[in-house]
Amino acid sequence: MASQPGAALRLLLLISGLRAGLLQQGERQNLETENVTVVEGEVATISCRVKNNDDSVIQLLNPNRQTIYFRDFRPLKDSRFQLVNFSSSELRVSLTNVSIHDEGRYFCQLYTDPPQEAYTTITVLIPPNNLVIDVQKDTYVEGEEVEMNCTAMASKPAAVIRWYKGNQELEGGKTEVEAMDNKMFRVRSQISVTVLREDDEVPFVCLVDHPAVKDLETRQYIDVQYKPAVMVSVIYPPGLTREGESLELFCKVAGKPRPSKVTWVKVDDDLPDHVIVENDKLYIHSLNKTDNGTYRCEASNNVGSSSGDYTLYVYDTRAAEEGPLGVDHAVIGGVVAVVVFAMLCLLIILGRYFARHKGTYFTHEAKGADDAADADTAIINAEGGQNSCEEKKEYFI
């Protein structure tokens, strides 16, 4: 009984060979398959397809040339191989829980005369694991350089590592690829960044590009300490500071670690006695001219110190009310002065012009009298000039 499967196999091969030999001028049988790429642990499907099959025997062999399936019969005892479809035109087999050891060339065979063979290659992808970022320390001071290393362990093929700060991609990373056993790779990427206060609690992201996995990343948050930033603003009054009114200043401080205390001083002088200081606020009631000066808010932490200034000028009540109008009057007065000056210059120019014209008129009127020997002759010459003018009279009807 033990020899019956072998005898049946030989009989099938004999029948297949006889049928192939009986083919006359018919179309040739073609055996087809394609390569398979699969992620480790998933399912690979191998398909051996035949065009124009005359019911010849199809079988599938593993890389060691061991028969996995002969038609719909599985001689191999590996139960991960399962028959998906068997017909005269196709033998399709699935392989579950694929591992790196299953990678290689598989053979489809068709028992014709002569026999045909086609091969398919199973490629197993292994996603990286233990993606980690290493930093030298957790806390940095603004302006320090941070060196970060990201390592992707045991991947196939080698992973590609990219760096991001928030949503912004960083350039300048240095990558090392190390080949491991079992065709796998270890990839290490290093990047150096000078941190600013804006980087505090912003994630630095190590992102992996790999065909076996999507959106694989790990994040590292950096604690950045920085000296205070100080800004002094006026809460009251909203406009000019007048005598008799009140002043309220606010000192806004941002630093890490946050300053526990702020200090108010008056530059080049002592704070007036009537000034009230309550932490980050300063009050002056009933302002007067002696309060003029620069008021400074100072803050410090273990990183450094900073300050912000406000310069106070107290207006008397009348000047504060007329200040904007006074400016307008000055502008108007200047415009009026320019206009008056321009008019005077125009009058002077016109006066000189008419004076010159008038002299020319008298000279023509007395023409001929300058050469007379005596007064009587001059009169006669002048009259002669008039007569010549009369001779040119025109009459209109």
Chemist: Can you list every disulfide bond (SG atoms under 2.5 Å apart) pair that touches residues 157-267, not counting sequence neighbours?
Modeler: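 Qualifying pairs, neighbours excluded: Cys150-Cys206, Cys251-Cys297.
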Chemist: Could you grab the distance from atom CG of Leu91 to atom CD1 of Ile68, nearest 0.5 Å is fine?
Modeler: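 Rounded to the nearest 0.5 Å, the CG-CD1 separation comes out at 9.5 Å.
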Chemist: Would you say the side chain of Val38 lies within less than 4.5 Å of the side chain of Ile122, judging by non-hydrogen atoms?
Modeler: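 Yes, close enough: below the 4.5 Å cut-off.
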Chemist: Considering only NZ, NE, NH1 and NH2 on the basic side and carboxylate oxygens on the acidic side, decide whether Arg49 and Glu34 come within less than 4.0 Å.
Modeler: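 Answer for the salt bridge query: yes.
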Chemist: Honestly, is Lys137 close enough over Tyr140, meaning NZ or CZ under 6.0 Å from the six-membered ring centre and within 45° of the axis?
Modeler: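 Yes, a cation-pi geometry holds between Lys137 and Tyr140.
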Chemist: Can you name the residues that form a side chain to side chain donor-acceptor pair (under 3.5 Å) with Gln66, not counting sequence neighbours?
Modeler: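 Gln66 satisfies side chain to side chain donor-acceptor pair (under 3.5 Å) with Asn62 only.
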Chemist: Side chains of Phe81 and Leu76: does their closest heavy-atom pair fall under 4.5 Å?
Modeler: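 A side-chain contact exists here, since the closest heavy-atom pair is under 4.5 Å.
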Chemist: Does the structure place the NZ or CZ of Arg65 under 6.0 Å from the centre of the six-membered ring of Phe107, at an angle of no more than 45° from the ring's axis?
Modeler: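 Verdict for Phe107: a cation-pi partner in Arg65.
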Chemist: Could you walk me through whether Asp199 and Tyr226 satisfy the side chain to side chain contact (heavy atoms under 4.5 Å, CB included) test, starting with their C-alpha distance in whole Å, then the side-chain angles of each, then the deciding distance to 0.1 Å, before giving a yes or no?
Modeler: CA-CA 11 Å; Asp199 301 327; Tyr226 49 92; over 6 Å; no
Chemist: Would you please say whether a donor-acceptor pair under 3.5 Å links the side chains of Ser94 and Thr45?
Modeler: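 Distance-only check fails for Ser94 and Thr45.
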Chemist: Under a 3.5 Å threshold, yes or no: a donor from one side chain and an acceptor from the other, between Gln59 and Tyr111?
Modeler: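 Side-chain D/A pair, Gln59 to Tyr111: present.
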Chemist: Any idea which heavy atoms bring Val262 and Asn279 closest together, and the distance?
Modeler: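 Heavy atoms of Val262 and Asn279 come nearest at CG2-O, 3.1 Å.
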Chemist: What verdict does the side chain to side chain contact (heavy atoms under 4.5 Å, CB included) test give for Gln225 and Asn302, after you've listed the backbone C-alpha separation in whole Å, the side-chain angles of each residue and the deciding distance to 0.1 Å?
Modeler: CA-CA 9 Å; Gln225 296 188 349; Asn302 60 356; 3.9 Å; yes
Chemist: To the nearest 0.5 angstrom, please state how far the OG atom of Ser155 sits from the CD1 atom of Ile126.
Modeler: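 Nearest 0.5 Å value for the OG-CD1 distance: 8.5 Å.
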Chemist: Before you tell me yes or no, could you show the steps for Met184 and Met153 under side chain to side chain contact (heavy atoms under 4.5 Å, CB included), namely the whole-Å CA-CA distance, both residues' side-chain angles and the distance that decides it to 0.1 Å?
Modeler: CA-CA 9 Å; Met184 292 188 290; Met153 297 291 294; over 6 Å; no
Chemist: Please round to the nearest 0.5 Å and tell me the distance separating atom OH of Tyr69 and atom CZ of Arg92.
Modeler: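 Result: 13.0 Å between the selected atoms.
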Chemist: Are Asp280 and Lys252 side-chain neighbours, meaning at least one heavy-atom pair lies under 4.5 Å?
Modeler: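 No - every pair of side-chain heavy atoms lies 4.5 Å or more apart.
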Chemist: Could you walk me through whether Asp223 and Asp200 pass side chain to side chain contact (heavy atoms under 4.5 Å, CB included), step by step?
Modeler: CA-CA 5 Å; Asp223 182 19; Asp200 182 46; 3.5 Å; yes
Chemist: Hey, does Val124 have a side-chain heavy atom less than 4.5 Å from the side chain of Ser99?
Modeler: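 Of all side-chain heavy-atom pairs linking Val124 with Ser99, none is under 4.5 Å.
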Chemist: Would you indicate whether the side-chain heavy atoms of Thr37 and Leu125 approach each other to under 4.5 Å?
Modeler: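 Yes, their side chains come closer than 4.5 Å.
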Chemist: Applying side chain to side chain contact (heavy atoms under 4.5 Å, CB included) between Val303 and each of Glu142, Arg197, Lys227, report the one that passes.
Modeler: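 Result for side chain to side chain contact (heavy atoms under 4.5 Å, CB included) with Val303: Lys227.
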Chemist: Could you tell me which residues satisfy side chain to side chain contact (heavy atoms under 4.5 Å, CB included) with Gln190, sequence neighbours excluded, listed by chain and number?
Modeler: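 If we apply the side chain to side chain contact (heavy atoms under 4.5 Å, CB included) test to Gln190, skipping adjacent residues, the hits are Glu147, Asn149, Arg188.
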Chemist: I'd like to check His210 versus Pro157 (side-chain heavy atoms, cut-off strictly below 4.5 Å). Are they in contact?
Modeler: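 Counting from C-beta outward, His210 and Pro157 do come under 4.5 Å.
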Chemist: Would you say the side chain of Phe73 lies within less than 4.5 Å of the side chain of Thr67, judging by non-hydrogen atoms?
Modeler: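 Contact flag for Thr67/Phe73 side chains = no.
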Chemist: If I take atom CD1 from residue Ile191 and atom NZ from residue Lys165, how far apart are they, to the nearest 0.5 angstrom?
Modeler: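 Reported to 0.5 Å precision, the distance equals 10.0 Å.
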Chemist: Identify the heavy atoms of Asn97 and Asp102 that sit nearest to each other, and give their distance.
Modeler: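 Heavy atoms only, the tightest pair is O-OD2, 4.1 Å.
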Chemist: Which atoms form the tightest heavy-atom contact between Tyr164 and Asn167, and what is the distance?
Modeler: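 Answer, listing the atom of Tyr164 first, then Asn167: CD2-O, 3.9 Å.
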Chemist: Can you list the residues that meet the side chain to side chain contact (heavy atoms under 4.5 Å, CB included) rule with Pro203, with sequence neighbours excluded?
Modeler: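 Partners of Pro203 by the side chain to side chain contact (heavy atoms under 4.5 Å, CB included) criterion, ordered by chain and then number, come out as Val205, Arg219, Tyr221.
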Chemist: Partners of Tyr313 by side chain to side chain contact (heavy atoms under 4.5 Å, CB included), sequence neighbours excluded?
Modeler: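 In terms of side chain to side chain contact (heavy atoms under 4.5 Å, CB included), with neighbours along the sequence ignored, Tyr313 is linked to Lys289, Asn292, Tyr315.
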Chemist: Just how far is it from atom OG1 of Thr241 to atom CG of Leu287, taken to the nearest 0.5 Å?
Modeler: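 Reported to 0.5 Å precision, the distance equals 6.5 Å.
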Chemist: Measure the shortest side-chain to side-chain distance between Thr311 and Asp309 over non-hydrogen atoms and say whether it is less than 4.5 angstrom.
Modeler: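 Of all side-chain heavy-atom pairs linking Asp309 with Thr311, none is under 4.5 Å.
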Chemist: Inspect the contact between Glu40 and Lys156 and indicate whether a charged nitrogen and a carboxylate oxygen are less than 4.0 angstrom apart.
Modeler: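 Salt bridge flag = no for Glu40 with Lys156.
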Chemist: Using the test side chain to side chain donor-acceptor pair (under 3.5 Å), find all partners of Trp264 that sit at least two apart in sequence or belong to another chain.
Modeler: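 Trp264 satisfies side chain to side chain donor-acceptor pair (under 3.5 Å) with no other residue.
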